[in-house]
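Worksheet for the structure shown next.
Just so you know, these numbers use all the heavy atoms, side chains as well, and skip hydrogens, waters and symmetry mates.
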Amino acid sequence: KLSGEYRFDGSKYLFGGWNNFARLESSSGGSFILINININIQRNRVVSKVSKDSIFVLDMKLINKITINKRVFKKIDSENGSRIFEVIFEKGNVSILKFHSVKFVAGSINPMVSRKNDKLVHKESTFILFKGKAVKVKLNKKSIISTLSSNDTEASEISRYYKLNRLSYKKVSSLKKLLLKLF
């Protein structure tokens, strides 16, 4: 910025503050509680604020599952490597996952744009963990059917199920109902 002061709006952390309660389940079967925990969605890391100016990064290789404020997170291998996903739905070997990320939007000195400062914008992508692979899916008919069906018969069954039950392809709750029926 011209004034020498660098400012931006938004946050690289998923939760607004640090006063979060978390239960961590280790890969060895134990569990423990942490407070002052957050998720750095820019770096895809679980972090804990241990003092005013110190942040501890947790090693996700040793942790199976983290529950923060009743929201469940897991490290899952995807086509883009290991990532921390929020688990929205889980039944057997199929899950609906949400991946949180952050996008940098540059500010403008143009007063007509009304975006004086740079900002970080939170983004969410939906994934389906299916057959051991986390696959990104858009909440639309084409993406859901192509991800969950392997032939035309299965595709028409999925389409018919959505139509008969008056479900919306744009809603995660409808996708949950479909997965409950299929699996």
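- Considering every non-hydrogen atom in both Ile145 and Ala155, the closest pair reads CG2-CB, 3.4 Å.
- Closest heavy-atom contact between Ile84 and Phe99: O-CD1, 3.6 Å.
- The only option from Gln42, Arg83, Glu86, His122 that meets the side chain to side chain donor-acceptor pair (under 3.5 Å) definition with His100 turns out to be Glu86.
- Under a cut-off of 6.0 angstrom, the local environment of CG in Asn151 is crowded, with over 12 non-hydrogen atoms contributed by other residues, nucleotides or ligands.
- For the atom pair Leu175 CG and Ile128 CD1, the distance stands at 4.5 Å (nearest 0.5 Å).
- Within the 4.5 Å cutoff, side-chain heavy atoms of Arg71 are placed close to those of Phe15.
- For the atom pair CG (Leu139) and OG (Ser125), the distance works out to 10.0 Å, reported to the nearest 0.5 Å.
- Of all the heavy atoms in Leu97 and Ala134, the pair that sits closest is CD1-CB, 4.4 Å.
- Of the candidates Leu14, Val87, Val46, Thr67, Phe73 forms a side chain to side chain contact (heavy atoms under 4.5 Å, CB included) with just one, namely Leu14.
- Here the shortest heavy-atom pairing between Ser82 and Asn44 reads O-OD1, 4.1 Å.
- Note that NZ of Lys119 is 7.5 Å distant from CG of Asp9, once rounded to the nearest 0.5 Å.
- Under the 4.5 Å side-chain heavy-atom criterion for ILVMFWY residues, a single connected hydrophobic cluster contains both Ile66 and Phe32.
- The number of heavy atoms from other shown groups lying within 6.0 Å of NZ (Lys141) does not exceed 12.
- Here the side chain of Ser143 pairs a donor or acceptor atom with the backbone of Lys138 at under 3.5 angstrom.
- Looking at Leu182 and Val94, their side chains never come closer than 4.5 Å, going by heavy atoms from C-beta outward.
- In terms of hydrophobic clustering, with Ile, Leu, Val, Met, Phe, Trp and Tyr side chains grouped at heavy-atom distances under 4.5 Å, Phe183 and Tyr161 are assigned to a common cluster.
- Contact annotation: the side chain of Asn165 never approaches that of Lys177 to less than 4.5 Å [non-hydrogen atoms, C-beta and beyond].
- The side-chain heavy atoms of Val172 and Phe89, taken from C-beta on, include no pair separated by under 4.5 Å.
- Lys75 has its side chain out of reach of Ile63: every pair of non-hydrogen atoms, C-beta onward, lies at least 4.5 Å apart.
- Annotation: side chain of Leu179 is not in contact with side chain of Phe130 (no heavy-atom distance under 4.5 Å).
- A donor-acceptor pair is defined here as one N or O able to donate and one able to accept, closer than 3.5 Å; no such pair exists between the side chain of Ser27 and the backbone of Asn64.
- With hydrophobic clusters built from ILVMFWY side chains whose heavy atoms lie under 4.5 angstrom apart, Val57 does not share a cluster with Ile68.
- At least one side-chain heavy atom of Phe104 sits less than 4.5 Å from a side-chain heavy atom of Leu120.
- Formation of a donor-acceptor pair under 3.5 Å by the Ser174 side chain with backbone atoms of Ser168 is found in this model.
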message = Please evaluate residues Leu129 and Phe127 with respect to the criterion side-chain contact (heavy atoms from CB on, under 4.5 Å), reporting the C-alpha separation (whole Å), side-chain torsions for both, the decisive distance (0.1 Å), and the verdict.
response = CA-CA 6 Å; Leu129 181 63; Phe127 283 74; over 6 Å; no
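- Between atom CD1 of residue Ile37 and atom CD1 of residue Ile39 there is a gap of 7.5 Å, rounded to the nearest 0.5 Å.
- The neighbour count for Ile35 CD1, taken as heavy atoms of other residues, nucleotides or ligands under 6.0 Å away, does not exceed 12.
- A donor-acceptor pair under 3.5 Å is formed between the side chain of Asn69 and the backbone N or O of Phe21.
- Rounding to the nearest 0.5 Å places OG of Ser159 at 4.0 Å from OH of Tyr169.
- Of the possible donor and acceptor atoms, none in the side chain of Asn38 sits under 3.5 Å from a partner among the backbone N and O of Trp18.
- Using a 4.5 Å cut-off between side-chain heavy atoms of Ile, Leu, Val, Met, Phe, Trp and Tyr, with links allowed through other members, Ile88 and Leu180 fall into the same hydrophobic cluster.
- One hydrophobic cluster holds both Met60 and Leu24 under the rule that ILVMFWY side chains link at heavy-atom gaps under 4.5 Å.
- Contact annotation: the side chain of Ile144 approaches that of Val137 to within less than 4.5 Å [non-hydrogen atoms, C-beta and beyond].
- In this structure, Ile158 CD1 and Ser146 OG are separated by 9.5 Å, a value rounded to the nearest 0.5 Å.
- Salt bridge present: Lys74 and Glu90 bring a charged side-chain N and a carboxylate O closer than 4.0 Å.
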